[in-house]
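First comes the structure, then the notes that go with it.
Nothing here was measured: the structure is a model prediction, and the numbers come from that model.
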Amino acid sequence: MKKNIPLYKQIEESFIQQIEHGQLKKGDRIPSETEIVSQFHVSQITAKNALNNLAEKGYVKRIRGKGTFVDFENVEKKERIIGFIFTTMKTSIDRQLLSHLEAFARKEKLRFFFGLSRESMEEEINLIHYFIECGVEGLIIFPTESENYNEDILRLHLEKFPLVLVDRYFNKLGITSVTSDNFSAGFKLADMVIQKRFKKFAFVTTVEENSATIDRTKGIEYAYVKNQIPIDKNLWLFVPSTIESNESLIAFLEKNKPDVVITVNAHLSKLIHDYTEVNNIFHLSFDNPAGCNYYIEQDVEEISRLVIANLKKLLNDETCDPTLTFVPTMLSKGSLS
């Protein structure tokens, strides 16, 4: 026991620490005065003073004939530390997502570390290890684009570490995830192409696949299948997600001369929008990039709200049902409409 601090205060602080850090939860029984006397080697009056102070501060409720129990009703919980891991901050959606997540986290008294994987699984793993070492209690991860799942994420899930994936998900693994309904989003864009009776549809997507690009692609394909129209996949271009030059994209468009093009994300849209505008090519994309006719608008605020709400449940040892949440999207007019 510490010198210069009354014994009952030290005992009181010991229980407060256990309550505020979740080791003792609401409804848990606190040791009785007799048990405290034995455990801390103090007098009965010291034990009584410690329990009475805890009750006065709202940490516990003393029930005659039954005992003393943790009571959270009047306790202001300390802030908890979590980690955000994003891939990049290239797009407006990335920045909006971080802004909304921060706002909802702050409301729930969640402080956070933040890091960028830059689409590198190795860096994603390094960040996970670093944040765990820093003592974060939960993680929100925007997974990298990769052919393989990150085994560290799988391990955290199996160990029941509080974890929520955002924007992308790992199929059939049961990891709590919140993402836009990208299948329906892809369907909406392709259906517009079909309804407007365009003759030559081009699709520009990434070589790397993740759940978002896969679902968007499947939605596009389903629209054509549903309308019993064949797709000419010779007009599909696959490029690296990290591509910065538009030369290969422009060469593809010059060669094939489509009258409509869908880009799978805002980054690819940005690379070709000058060309499509000058050449009067109808341009569809995602996340409100400049220079497109229509785009799919994600409800970033609702995604962020659900991510924080789900992480809070996991931090409190509650389950999330469903584990995978699809947030509806909206087809909106772009700057060229």
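Put simply, the side chain of I93 reaches to within 4.5 Å of the side chain of V300, judged on heavy atoms. Proximity of V193 to L284: side-chain heavy atoms (C-beta onward) are separated by under 4.5 Å at one or more points. Side-chain contact between I272 and L253 is present, with at least one heavy-atom pair separated by less than 4.5 Å. The closest side-chain heavy-atom distance from L315 to I82 is below 4.5 Å. With contacts defined as side-chain heavy-atom distances shorter than 4.5 Å, the pair D191/N227 qualifies. Side-chain contact between I128 and I141 is present, with heavy atoms from C-beta onward closer than 4.5 Å. Here the side chains of D299 and T329 are not in contact, with every heavy-atom distance at 4.5 Å or above. Considering only heavy atoms from C-beta on, D152 stays 4.5 Å or farther from E124 through its side chain.
The pair R305-E301 fails the salt-bridge criterion, with no side-chain N (NZ, NE, NH1 or NH2) lying under 4.0 Å from an Asp/Glu carboxylate O. Between E108 and K312 a salt bridge is recorded (basic side-chain N to carboxylate O distance below 4.0 Å). Salt bridge annotation for R80-E137: present, with a cationic side-chain nitrogen under 4.0 angstrom from a carboxylate oxygen. A salt bridge is absent between E151 and R155; no separation between the charged side-chain nitrogens and carboxylate oxygens falls under 4.0 Å.
Side-chain contact check for S43 and T46: at least one donor-acceptor pair (N or O, by modelled atom type) lies under 3.5 Å. When only modelled atom types and interatomic distance are considered, T91 and H267 share no side-chain donor-acceptor pair under 3.5 Å. Under 3.5 Å, the side chains of H100 and S304 contain no donor-acceptor pair of N or O atoms. The closest side-chain donor-acceptor pair between S332 and E297 falls under 3.5 angstrom. One side chain, T263 or S285, offers a donor N or O that lies under 3.5 Å from an acceptor on the other. Q298 and D287 share a donor-acceptor pair across their side chains, judged by distance under 3.5 Å alone.
Hydrophobic clustering (ILVMFWY, side-chain heavy atoms < 4.5 Å, transitive): I220 and L249 are in one cluster. When hydrophobic clusters are built by joining Ile, Leu, Val, Met, Phe, Trp and Tyr residues whose side-chain heavy atoms come closer than 4.5 Å, directly or via intermediates, V207 is grouped together with F252. If you chain together hydrophobic residues whose side chains sit under 4.5 Å apart, F201 and I229 fall into the same group. Residues I281 and L189 share a hydrophobic cluster, clusters being chains of Ile/Leu/Val/Met/Phe/Trp/Tyr side chains in contact below 4.5 Å. I175 is connected to V136 through a chain of hydrophobic side-chain contacts under 4.5 Å among Ile, Leu, Val, Met, Phe, Trp and Tyr, so both are in one cluster.
For Y222, the side chain to side chain contact (heavy atoms under 4.5 Å, CB included) partners at least two apart in sequence or on another chain are F183, F187, K226. With sequence neighbours excluded, the residues that form a ring-ring contact (aromatic ring centres under 6.0 Å, His included) with F170 are Y149.
Atom CG of L139 is separated from atom CZ of F113 by 11.0 Å, given to the nearest 0.5 angstrom. Taking OG from S184 and CZ from F326, the interatomic distance works out to 9.0 Å, rounded to the nearest 0.5 Å. Atoms CZ and CZ, from F238 and F203 in turn, are 7.0 Å apart once rounded to the nearest 0.5 Å. Remark: I16 CD1 to N53 CG distance equals 8.5 Å, nearest 0.5 Å. Once rounded to the nearest 0.5 Å, the distance linking CD of E277 with CG of N280 reads 9.5 Å. The distance from atom CG of L271 to atom CD of E247, rounded to the nearest 0.5 Å, is 11.5 Å.
Dense packing is recorded around CZ of R29, with more than 12 heavy atoms of other residues, nucleotides or ligands lying under 6.0 Å away. For NZ of K218, the number of neighbouring non-hydrogen atoms (other residues, nucleotides, ligands) closer than 6.0 Å is 12 at most. Residue-environment remark: CZ (R62) exceeds the threshold of 12 foreign heavy atoms within 6.0 Å. By the neighbour-count criterion of 12 heavy atoms within 6.0 Å, atom NZ of K48 is sparsely surrounded, having that number or fewer from other residues, nucleotides or ligands.
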- request: Run the numbers on Y59 and F15 for ring-ring contact (aromatic ring centres under 6.0 Å, His included), then give the verdict.
  value: CA-CA 9 Å; Y59 284 95; F15 286 120; over 10 Å; no
message: Under the criterion side-chain hydrogen bond (donor to acceptor under 3.5 Å, both in side chains), I'd like the reasoning laid out for N265 against R216: C-alpha separation, chi angles, the key distance, then a yes or no.
response: CA-CA 10 Å; N265 59 40; R216 289 172 183 180; over 6 Å; no
task: Evaluate side-chain hydrogen bond (donor to acceptor under 3.5 Å, both in side chains) for R168 paired with S211, printing each intermediate quantity in order.
output: CA-CA 5 Å; R168 302 167 186 172; S211 59; over 6 Å; no
message: Using side chain to side chain contact (heavy atoms under 4.5 Å, CB included), reason through Q44 and T34 one step at a time and then give a plain yes or no.
response: CA-CA 7 Å; Q44 191 83 19; T34 302; 4.3 Å; yes
message: Between I303 and V166, does the side chain to side chain contact (heavy atoms under 4.5 Å, CB included) criterion hold? Intermediate values first, please.
response: CA-CA 8 Å; I303 290 172; V166 61; 3.8 Å; yes
message: Quick one, V60 with F69, criterion side chain to side chain contact (heavy atoms under 4.5 Å, CB included). Give me CA distance, side-chain angles, the key distance, then yes/no.
response: CA-CA 5 Å; V60 302; F69 302 89; over 6 Å; no
- request: Determine, stepwise, if the pair D317 / K25 fulfils salt bridge (Lys or Arg N to Asp or Glu O under 4.0 Å).
  value: CA-CA 11 Å; D317 295 323; K25 297 180 172 57; 3.5 Å; yes
message: If you apply the rule side chain to side chain contact (heavy atoms under 4.5 Å, CB included), what do you find for D71 with K26, and how did you get there?
response: CA-CA 5 Å; D71 181 22; K26 183 175 181 179; 4.1 Å; yes
- prompt: Could you go step by step and tell me if F84 and F112 meet the ring-ring contact (aromatic ring centres under 6.0 Å, His included) rule?
  reply: CA-CA 7 Å; F84 291 175; F112 65 90; 4.3 Å; yes
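Between the side chain of S38 and the backbone N or O of E35, no donor-acceptor pair lies under 3.5 Å. Under a 3.5 Å cut-off, the side chain of K66 and the backbone N or O of I63 do not form any donor-acceptor pair. The backbone N or O of Q10 lies less than 3.5 Å from no partner atom in the side chain of E13, so there is not a single donor-acceptor pair. Using a distance-only test at 3.5 Å, with no hydrogens or angles considered, no donor-acceptor pair links the side chain of N316 to the main chain of E318. Side-chain atoms of H283 never come within 3.5 Å of backbone atoms of Y294 as a donor-acceptor pair (strictly under, hydrogens ignored). Side-chain atoms of K188 never come within 3.5 Å of backbone atoms of I296 as a donor-acceptor pair (strictly under, hydrogens ignored). No donor-acceptor pair under 3.5 Å is formed between the side chain of D181 and the backbone N or O of V327.
Residue F142 forms a side chain to side chain contact (heavy atoms under 4.5 Å, CB included) with just one option from I85, D94, L101, and that option is D94. Among T323, T176, D215, the one residue that satisfies the side chain to side chain donor-acceptor pair (under 3.5 Å) test with Y169 is D215.
You'll find the ring centres of F86 and F114 inside the 6.0 Å limit.
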